[in-house]
Amino acid sequence: MHAAPELTPRPHRIRQLAYADLPRVLAIERRAFPTPWSLAMFVLELSKPSGICLAAIDGAELGGYLICARYDQAYHLMNIAVDPDRRRRGIARALLDAMIERAGADANFTLEVRVSNAAAITLYESYGFRSVGTRRRYYQDTGEDALIMWRALGTPWETA
Ligand SMILES: CC(C)(COP(=O)(O)OP(=O)(O)OC[C@H]1O[C@@H](n2cnc3c(N)ncnc32)[C@H](O)[C@@H]1OP(=O)(O)O)[C@@H](O)C(=O)NCCC(=O)NCCS
């Protein structure tokens, strides 16, 4: 009789997000957000050569994605979502690790997040993002405020 193969967690494979991924991305997006991005918004971000757009492949399927745009002073993390059936398995971490690696060690990042989104805020804080203020009623669907977060190396809020 053969011994049962040992089960070891499989690392998620990260690769560049492609236009062909967008049907699957939209399916996750619609389950992840009350006001999901449209196809056109994803196409626009994918068309920018300076952006970092990543797919996490879990098994044979796309399990999550990340969209990060490059601006003058900083990268802007615009969207990150993981398939609800695949959460808490390190997919978001794998995406953020790859984003930071591709942007380079001295890159600064900013983002907005709903003040009620404790899961995302905990995740971002664990990556050194710090809250620097709020945008009042930023989200038009619910009127909720956005927390503005920065991960900026060498700035006062990084060393505080
Ligand atoms: C936020 C989100 C991307 C996290 O994805 P994920 O793959 O489940 O995250 P990970 O498994 O990599 O978790 C990394 C860490 O984030 C934090 N975290 C993630 N989900 C959490 C939750 N529900 N509650 C508290 N902390 C959470 C934890 O610190 C976690 O580490 P741990 O599992 O070792 O405790 C996912 O919940 C999601 O897609 N949410 C809907 C979309 C969204 O809100 N995106 C952010 C918009 S700004």
Side-chain angles (χ1 to χ4, degrees), residues 7-18 21-46 48 51-71 73-103 107-152 157-158 160:
L7 290 176
T8 49
R10 209 180 7 213
H12 314 291
R13 190 166 67 82
I14 305 295
R15 63 158 168 76
Q16 201 162 317
L17 193 66
D21 294 321
L22 291 183
R24 171 84 186 133
V25 165
L26 283 178
I28 296 176
E29 176 80 9
R30 288 179 184 138
R31 293 181 71 193
F33 294 106
T35 305
W37 276 23
S38 66
L39 175 63
M41 291 165 82
F42 283 103
V43 168
L44 177 66
E45 295 307 323
L46 274 179
K48 297 178 184 169
I52 300 173
C53 300
L54 302 172
I57 309 303
D58 184 37
E61 228 182 348
L62 188 145
Y65 53 88
L66 172 154
I67 306 280
C68 181
R70 185 176 187 159
Y71 290 94
Q73 306 289 327
Y75 284 87
H76 193 150
L77 176 53
M78 302 185 71
N79 197 337
I80 179 169
V82 171
D83 179 347
D85 300 328
R86 297 167 196 253
R87 289 189 186 158
R88 293 313 280 272
R89 288 164 45 192
I91 292 181
R93 280 194 192 287
L95 286 163
L96 288 172
D97 287 343
M99 175 191 79
I100 290 166
E101 189 188 315
R102 284 169 199 225
N108 296 328
F109 297 90
T110 185
L111 58 84
E112 286 96 18
V113 56
R114 288 174 194 261
V115 290
S116 65
N117 194 345
I121 292 168
T122 305
L123 171 69
Y124 298 142
E125 284 177 341
S126 75
Y127 274 80
F129 282 86
R130 294 292 174 261
S131 164
V132 297
T134 53
R135 291 192 208 288
R136 294 272 299 141
R137 303 186 62 80
Y138 181 75
Y139 297 99
Q140 288 170 8
D141 51 3
T142 57
E144 191 172 353
D145 295 350
L147 205 60
I148 306 165
M149 301 186 87
W150 275 85
R151 180 183 193 268
W157 55 83
E158 175 64 20

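Counting starts at 1 for both ligands and their atoms, in listed order.
- Inclusion of Glu112 in the set of residues having an N or O under 3.5 Å from an N or O of ligand 1 is not warranted.
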Pair Phe42, Glu29 - check side chain to side chain contact (heavy atoms under 4.5 Å, CB included), show working. CA-CA 11 Å; Phe42 283 103; Glu29 176 80 9; 3.4 Å; yes
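- The backbone N or O of Met149 sits less than 3.5 Å from a side-chain atom of Thr110, completing a donor-acceptor pair.
- The side chain of Tyr124, and not its backbone, has at least one atom closer than 4.0 Å to an atom of ligand 1 (non-hydrogen atoms only; side chain from C-beta on).
- With a heavy-atom cut-off of 4.0 Å, Leu111 does not touch ligand 1 at all.
- The ligand atoms of ligand 1 that sit less than 4.0 angstrom from a heavy atom of Ile91 are 7 (O), 12 (O).
- Judged purely by atom type and a 3.5 angstrom limit, Arg130 uses its side chain to pair as donor or acceptor with the backbone of Glu125.
- Of the protein's heavy atoms, Asn117 ND2, 2.7 Å lies nearest to atom 44 (O) of ligand 1.
- Taking only nitrogen or oxygen atoms, main chain and side chain alike, Ala92 reaches within less than 3.5 Å of ligand 1.
- Polar contact check, Arg88 against ligand 1: a nitrogen or oxygen pair lies under 3.5 Å apart.
- Shortest non-hydrogen contact noted between Arg102 and Gln16 is NH1-N, 4.5 Å.
- Between the side chain of Glu144 and the main chain of Ser116, a donor-acceptor pair closer than 3.5 Å is present.
- For the pair Ala81 and ligand 1, the shortest N or O to N or O distance does not fall below 3.5 Å.
- The nearest protein atom to atom 13 (O) of ligand 1, hydrogens excluded, is given as Leu123 CD1, 4.4 Å; this is a heavy-atom distance.
- Shortest non-hydrogen contact noted between Trp37 and Met78 is CZ2-O, 3.7 Å.
- If you check which protein heavy atom lies closest to atom 39 (O) of ligand 1, you get Val82 N, 2.8 Å.
- Of all the atoms in ligand 1, the ones that sit under 4.0 Å from a non-hydrogen atom of Val113 are 48 (S).
- Scanning Met149, Arg114, Arg89, Arg93 for the heavy atom closest to atom 15 (C) of ligand 1 points to Arg93.
- The protein atom (non-hydrogen) at minimum distance from atom 45 (N) of ligand 1 is Ile80 O, 2.8 Å.
- Using a 4.0 angstrom heavy-atom cutoff, Gly90 counts as in contact with ligand 1.
- Of the protein's heavy atoms, Ala119 O, 3.8 Å lies nearest to atom 18 (N) of ligand 1.
- Checked against a 3.5 angstrom limit, the closest N/O atoms of Ala118 and ligand 1 fall outside it.
- Considering all non-hydrogen atoms of both residues, Ile28 and Val82 come closest at CG2-C, 3.9 Å.
- Between Arg137 and Asp145, the shortest heavy-atom contact is N-OD1, 2.8 Å.
- When the options Ile121, Thr122, Ile28 are ranked by their closest heavy atom to atom 26 (N) of ligand 1, first place goes to Thr122.
- A donor-acceptor pair is defined here as one N or O able to donate and one able to accept, closer than 3.5 Å; no such pair exists between the side chain of Arg86 and the backbone of Gly63.
- Close N/O approach between Arg86 and ligand 1 is not found [any backbone or side-chain N/O within under 3.5 Å].
- Contact detail for Ala120 and Val113: the closest heavy-atom pair is CB-CG2, 3.9 Å.
- Smallest separation of non-hydrogen atoms from Tyr127 and Arg93: OH-O, 3.1 Å.
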For a salt bridge (Lys or Arg N to Asp or Glu O under 4.0 Å) check, start with the C-alpha distance between Arg89 and Asp83, then their side-chain angles and the critical distance, and finish with the verdict. CA-CA 11 Å; Arg89 288 164 45 192; Asp83 179 347; over 6 Å; no
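- Distance from atom 37 (O) of ligand 1 to its nearest protein heavy atom, with residue and atom name: Arg87 CD, 3.4 Å.
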